[in-house]
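Throughout, a chain's letter reflects where its sequence line sits, starting with A, and its residues are numbered from 1. Nothing here was measured: the structure is a model prediction, and the numbers come from that model.
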Amino acid sequence: MADELRRNMALFPIGIVMKLTDLTARQIRYYEQHELIVPARTAGNQRLFSFNDVERLLEIKSLIEKGVNIAGIKQVMNPVSKESDDATLVSEQSEVKRRELSDQQLHRLLKQQLLEKRPGRTSMIEGQLSRFLNKR
DNA sequence: GTTCTGACA
DNA sequence: TGTCAGAA
């Protein structure tokens, strides 16, 4: 339990998170706009990320690299909704279940996106998709 | 020095 | 996504 609290405790500014995740500030803020993450804020409106946020970002990064777009990630990742990840209000933390993607889910998602119109990017996705279908 | 928001090549 | 501006 105490571990949960520490995990959701906002600690580092975006600069640290950038190094930890290899994402640019632009991307991190962009993902926040799309509600993929909900970092806490300091009095000065600075973002403060928790370990949970960082893990979340790594998840997102992983999916992005697999060719999944924001919409797809939203479908796969658990809704952030509740103010569950601020360091201030740590009342009844929801069970952060294991949200590891099965290849089946990923394939379905990629296939779905392949069907959506998207000139230019299709070829790249096909390549990555075929890598999944075969290797890995 | 860092980060924030909004906007545009 | 990168990057610049103008303000905290």
Side-chain angles (χ1 to χ4, degrees):
Chain A
M1 288 290 177
D3 194 55
E4 262 296 297
L5 194 156
R6 278 151 64 177
R7 176 169 305 179
N8 286 41
M9 180 161 50
L11 297 174
F12 14 69
I14 198 168
I16 302 299
V17 179
M18 288 175 68
K19 295 179 180 179
L20 264 40
T21 63
D22 280 301
L23 291 170
T24 64
R26 181 76 170 80
Q27 292 177 298
I28 296 172
R29 292 169 185 142
Y30 181 71
Y31 302 150
E32 180 185 11
Q33 289 191 337
H34 288 268
E35 304 177 281
L36 263 35
I37 53 172
V38 186
R41 296 287 183 140
T42 65
N45 198 41
Q46 304 278 108
R47 269 169 268 254
L48 284 185
F49 301 78
S50 64
F51 282 98
N52 263 182
D53 293 325
V54 176
E55 285 183 30
R56 189 120 185 155
L57 256 351
L58 290 174
E59 265 286 337
I60 296 171
K61 185 195 174 194
S62 169
L63 291 174
I64 291 293
E65 294 176 329
K66 287 177 167 58
V68 182
N69 54 212
I70 302 299
I73 295 176
K74 284 183 180 178
Q75 291 175 51
V76 178
M77 294 188 80
N78 298 325
V80 176
S81 59
K82 307 173 184 177
E83 325 106 30
S84 58
D85 68 6
D86 3 70
T88 50
L89 308 176
V90 182
S91 54
E92 299 167 36
Q93 294 301 327
S94 56
E95 359 65 53
V96 184
K97 303 174 183 177
R98 282 279 53 84
R99 40 168 133 60
E100 196 70 48
L101 283 184
S102 69
D103 282 3
Q104 185 175 45
Q105 293 177 298
L106 191 55
H107 288 166
R108 176 185 156 290
L109 197 57
L110 256 21
K111 184 177 179 182
Q112 178 186 311
Q113 293 186 64
L114 212 48
L115 296 179
E116 290 176 40
K117 53 10 180 204
R118 77 156 39 109
R121 193 128 281 170
T122 319
S123 59
M124 187 189 92
I125 291 180
E126 284 181 57
Q128 299 192 320
L129 184 56
S130 60
R131 283 201 307 108
F132 278 121
L133 269 30
N134 305 310
K135 186 191 173 186
R136 206 210 169 187

Original post:
Can A:Leu48 be reached from A:Leu58 by stepping across I, L, V, M, F, W or Y side chains whose heavy atoms are under 4.5 Å apart?
Top reply: no
Subject >> Sub-4.5 Å side-chain heavy-atom contact between A:Glu55 and A:Glu59 >> reply: no
What pairs of donor and acceptor atoms, side-chain ones from residues 10-22 of chain A against any protein atom, are under 3.5 angstrom apart with sequence neighbours left out?
residue : atom : partner : partner atom : Å
A:Thr21 : OG1  : A:Val17 : O            : 2.7
A:Thr21 : OG1  : A:Leu23 : N            : 3.3

**OP:** Sequence neighbours left out, what passes side-chain hydrogen bond (donor to acceptor under 3.5 Å, both in side chains) with A:Arg41? Give chain and number order.
**Re:** A:Glu32, A:Asn45
Original post:
How long is the span from the CG atom in A:Leu36 to the CG atom in A:Asp53, to the nearest 0.5 Å?
Top reply: 11.5 Å
**OP:** Under 4.0 Å from any heavy atom of chain A: name the first and the last nucleotide of DNA chain C that qualifies, 5' to 3'.
**Re:** C:dT1 to C:dT3
**OP:** Quick one: pull up CD in A:Glu35 and CD1 in A:Ile73 and give me the separation to the nearest 0.5 Å.
**Re:** 14.0 Å
**OP:** Classify every nucleotide of nucleotides 4-9 of chain B by which part a protein heavy atom approaches to under 4.0 Å, writing B for the base, S for the sugar-phosphate alone and - for neither, in 5'-to-3' order.
**Re:** SB-B--
**OP:** Taking Watson-Crick and G-U wobble pairs with both distances under 3.5 Å, convert DNA chain B into its dot-bracket string, 5' to 3', dots for unpaired and | for cross-strand pairs.
**Re:** .|||||||.
**OP:** Would you please name every residue forming a side-chain contact (heavy atoms from CB on, under 4.5 Å) with A:Thr24, sequence neighbours left out?
**Re:** A:Arg26, A:Gln27
